A.B. asks: 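Just dropping this structure here.
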Amino acid sequence: MDIAVVNRFLLYKELYKRRGDPARAKPLTQKSFREQLAKEMVEFSGVPAAAPPRPPTPPPSLTCMPAYYGEDATTVRRYCRKCSDAGNRRVKTPVYCRKCQVPLCFTPKKNCYREWHDLLE
């Protein structure tokens, strides 16, 4: 594809020289030629030239996502805030919410993480 574009640019320059019209603007540079070609190819394909920009994703610390204390799930554990609020102060968990900075249970059988965030909404 690249060779075809370069060959087309060389043909463009040769045709420009042969026309010899002094009133015309300067020929396109190779970069400008490639940009123009890309624009025309996009228009020909029917695809919009530029999709609307997506809103930027917030940094991880600003989104509610579960994370582990320490390197893995066995080194550091904290008391689950939801279990403690319910009167069960003995439940420890290695998981916390990155945004809320709250330790919460997050297992298949017990999902304090989801329950906590459902209450926040």
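Throughout, residue positions are numbered sequentially from 1 according to the sequence presented. In this text the structure is predicted, and so the values were computed from the model without any measurement.
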A.B. asks: Val5 and Leu37: which non-hydrogen atoms are nearest, and at how many Å?
C.D. replies: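 Minimum heavy-atom contact is CG2-CD2, 3.9 Å.
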
A.B. asks: For the residue pair Tyr79 and Val91, establish whether any side-chain heavy-atom pair is separated by less than 4.5 Å.
C.D. replies: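 Heavy-atom side-chain distance check fails, nothing below 4.5 Å.
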
A.B. asks: Give, for atom CD of Glu35 and atom NZ of Lys31, the distance between the pair rounded to the nearest 0.5 Å.
C.D. replies: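 Here the rounded value is 5.0 Å.
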
A.B. asks: Hey, does Arg34 have a side-chain heavy atom less than 4.5 Å from the side chain of Phe9?
C.D. replies: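 Phe9 vs Arg34: side chains apart.
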
A.B. asks: Looking at every heavy atom in both Thr93 and Cys105, which two are closest together, and how far apart are they?
C.D. replies: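 That would be OG1-CA, 3.8 Å.
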
A.B. asks: Given side chains that start at C-beta, do those of His117 and Cys100 come closer than 4.5 Å, heavy atoms only?
C.D. replies: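 Yes, at least one pair of side-chain atoms sits under 4.5 Å.
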
A.B. asks: Minimum heavy-atom separation for Val95 to Tyr69, with atom names?
C.D. replies: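 Reported closest heavy-atom pair: O-CE1, 4.1 Å.
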
A.B. asks: What closest approach, in Å, do Arg81 and Trp116 show between heavy atoms, and which atom pair accounts for it?
C.D. replies: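 Closest heavy-atom pair between Arg81 and Trp116: CG-CZ3, 3.5 Å.
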
A.B. asks: Rounded to the nearest 0.5 Å, how far does CZ of Phe106 lie from SG of Cys97?
C.D. replies: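 One gets 10.5 Å once the value is rounded to the nearest 0.5 Å.
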
A.B. asks: So which atom in Arg77 and which in Lys92 form the shortest heavy-atom distance, rounded to 0.1 Å?
C.D. replies: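 Of all heavy-atom pairs spanning Arg77 and Lys92, the closest is NH2-O, 3.1 Å.
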
A.B. asks: Count the heavy atoms of every other residue, nucleotide or ligand shown that sit under 6.0 Å from CZ of Phe33, and state whether that count exceeds 12.
C.D. replies: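 Buried by this count: over 12 neighbours within 6.0 Å.
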
A.B. asks: Evaluate the side-chain proximity of Arg114 to Leu104: yes if any heavy-atom separation is below 4.5 Å, no if none is.
C.D. replies: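 No, side chains not in contact.
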
A.B. asks: Calculate, to the nearest 0.5 Å, the distance between atoms NZ and OG1 belonging to Lys13 and Thr29 respectively.
C.D. replies: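 The NZ atom of Lys13 sits 10.0 Å away from the OG1 atom of Thr29.
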
A.B. asks: Quick check on Ile3: does its CD1 atom have over 12 non-hydrogen neighbours (other residues, nucleotides or ligands) under 6.0 Å away?
C.D. replies: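 No.
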
A.B. asks: Heavy atoms, side chains only, cut-off 4.5 Å: are Lys110 and Cys83 in contact?
C.D. replies: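 With C-beta onward as the side chain, the pair touches.
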
A.B. asks: Within the side chain of Tyr113, is there an N or O that forms a donor-acceptor pair under 3.5 Å with the backbone of Thr107?
C.D. replies: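 No; zero donor-acceptor contacts below 3.5 Å.
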
A.B. asks: Could you check whether any side-chain heavy atom of Tyr12 comes within less than 4.5 Å of a side-chain heavy atom of Arg8, counting everything from C-beta outward?
C.D. replies: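 A side-chain contact under 4.5 Å exists here.
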
A.B. asks: Enter the distance from Leu10:CG to Leu15:CG here, rounded to the nearest 0.5 Å.
C.D. replies: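 It comes to 11.0 Å.
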
A.B. asks: Relative to Tyr96, does Arg78 satisfy both conditions: NZ or CZ under 6.0 angstrom from the six-membered ring centre, and within 45 degrees of the ring's axis?
C.D. replies: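 So Arg78 doesn't make the cation-pi contact.
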
